[in-house]
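Contents: one structure, followed by commentary.
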Amino acid sequence: MGKRLRPSLERARSMVAANRCADSESFDDINQGKQRSIKIAASTYISYFNPAGLGAITKNIKKLSKVVPVLLVIGTADPFYPESKAMFDSAPPHALSRYVALDSDHFNIPKVVAAELIKWLDSFAQ
């Protein structure tokens with residue numbers, strides 16, 4: 001995604017540097033492999049797409065300040081599925097952490113995740 005979004009990210013950074021962080025403009029977005037334009041404030045765009053920002057899960061999961069259980073549920077038809085296990089494995093290990101891949105896509109995973117979520121939450125009571 002970085003190469004395709006770089007021009008928008010650079011433009012948003014320029015806007016922030018010019019003290020226009022709250023100004024909304026159209027920036028490129030990629031969701032589920034489809035590129036489109038979204039109107040959003042420059043600072044919000046940067047916070048979401050900055051590869052060094054808080055949204056960079058693969059990078060930031062390694063920085064958890066204490067070991068906590070992590071639940072990662074992903075659909076096998078999600079574009080991030082191929083890299084999701086490595087991302088999960090980069091978290092500090094915890095006995096209650098779970099990685100679950102379900103036969104779903106990114107948008108429909110909320111419809112099928114309930115049973116796995118309940119099972120994971122129940123594991124804390126044991």
Side-chain angles (χ1 to χ4, degrees):
M1 282 188 351
K3 292 176 188 173
R4 292 167 61 185
L5 298 180
R6 187 172 293 126
S8 284
L9 189 56
E10 289 173 1
R11 187 163 43 89
R13 285 182 176 140
S14 295
M15 289 174 66
V16 168
N19 203 25
R20 296 182 51 219
C21 50
D23 291 355
S24 292
E25 286 195 12
S26 291
F27 296 101
D28 289 330
D29 178 32
I30 299 175
N31 193 333
Q32 298 300 292
K34 296 177 182 152
Q35 190 161 343
R36 61 189 176 119
S37 182
I38 57 171
K39 188 168 184 171
I40 191 169
S43 61
T44 303
Y45 185 81
I46 289 172
S47 73
Y48 191 79
F49 286 110
N50 184 351
L54 293 174
I57 297 170
T58 303
K59 175 183 154 273
N60 289 316
I61 199 166
K62 298 172 189 173
K63 295 181 178 180
L64 290 172
S65 59
K66 69 183 214 179
V67 178
V68 295
V70 173
L71 172 65
L72 192 152
V73 180
I74 192 153
T76 56
D78 189 306
F80 289 106
Y81 172 69
E83 61 195 69
S84 64
K85 184 66 167 89
M87 181 174 51
F88 174 81
D89 289 342
S90 68
H94 189 286
L96 295 175
S97 290
R98 297 288 179 267
Y99 172 85
V100 180
L102 299 175
D103 186 23
S104 186
D105 60 21
H106 184 77
F107 292 107
N108 289 302
I109 201 76
K111 296 175 185 174
V112 297
V113 73
E116 292 298 330
L117 177 60
I118 298 296
K119 189 187 324 179
W120 183 65
L121 291 172
D122 282 346
S123 73
F124 289 88
Q126 298 174 5

Please report the closest heavy-atom contact between [X] and [Y], naming both atoms and the distance.
X     : Y     : result
Met87 : Ile61 : O-CG2, 3.9 Å
Ala41 : Ser24 : N-OG, 3.4 Å
Pro92 : Val67 : CB-CG2, 3.8 Å
Ser84 : Tyr81 : OG-O, 2.8 Å

Can you tell me how far [atom2] of [Y] sits from [atom1] of [X], rounded to the nearest 0.5 angstrom?
X     : Y     : atom1 : atom2 : result
Ser14 : Leu9  : OG    : CG    : 9.5 Å
Ser90 : Lys59 : OG    : NZ    : 12.0 Å
Asp28 : Gln35 : CG    : CD    : 4.5 Å

- prompt: In chain order, what residues pass the side-chain hydrogen bond (donor to acceptor under 3.5 Å, both in side chains) check against Lys63, with sequence neighbours excluded?
  reply: none
Ignoring hydrogens and geometry, is there a side-chain-to-backbone donor-acceptor pair from [X] to [Y] under 3.5 Å?
X      : Y      : answer
Ser97  : Val70  : yes
Asp103 : Thr76  : no
Asn108 : Lys111 : no

- prompt: Do Tyr99 and Ile74 pass the side-chain contact (heavy atoms from CB on, under 4.5 Å) test, and can you show the C-alpha distance, the side-chain angles, and the key distance before you say yes or no?
  reply: CA-CA 8 Å; Tyr99 172 85; Ile74 192 153; 3.8 Å; yes
query: Is the shortest side-chain N to carboxylate O distance from Glu10 to Arg13 below 4.0 Å?
result: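 Between Arg13 and Glu10 there is no salt bridge, as every charged N stays at least 4.0 Å from the carboxylate O atoms.
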field: ring pair (Phe, Tyr, Trp, His ring centres under 6.0 Å) partners of Tyr45, counting only residues at least two apart
entry: Phe27, Phe49
- prompt: Which residues satisfy the side chain to side chain contact (heavy atoms under 4.5 Å, CB included) test with Ser37, sequence neighbours excluded?
  reply: Ser26
message: My understanding is that a hydrophobic cluster links ILVMFWY residues whose side chain heavy atoms are under 4.5 Å apart, including indirect links. Using that, what else belongs to the cluster containing Phe124?
response: Leu71, Val73, Leu96, Val100, Leu102, Ile109, Val112, Val113, Leu117, Trp120, Leu121
message: Going by the rule salt bridge (Lys or Arg N to Asp or Glu O under 4.0 Å), which residues pair with Lys85 if we only count those two or more places apart in sequence or in a different chain?
response: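 In terms of salt bridge (Lys or Arg N to Asp or Glu O under 4.0 Å), with neighbours along the sequence ignored, Lys85 is linked to Asp89.
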query: Residues in salt bridge (Lys or Arg N to Asp or Glu O under 4.0 Å) with Arg20, at least two apart?
result: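 Per chain and number, Arg20 pairs via salt bridge (Lys or Arg N to Asp or Glu O under 4.0 Å) with Asp23, Glu25.
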field: Identified salt bridge (charged side-chain N to carboxylate O under 4.0 Å, His left out) partner of Asp29 from the options Lys39, Arg36, Arg4
entry: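 Result: among Lys39, Arg36, Arg4, Arg36 is the only option passing the salt bridge (charged side-chain N to carboxylate O under 4.0 Å, His left out) with Asp29.
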- request: Mark yes when over 12 heavy atoms from residues, nucleotides or ligands other than Asn19 sit less than 6.0 Å from its CG; otherwise mark no.
  value: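 No.
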message: Tell me whether Tyr48 at atom OH has more than 12 heavy atoms from other residues, nucleotides or ligands lying less than 6.0 Å away.
response: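 Not more than 12 within 6.0 Å, no.
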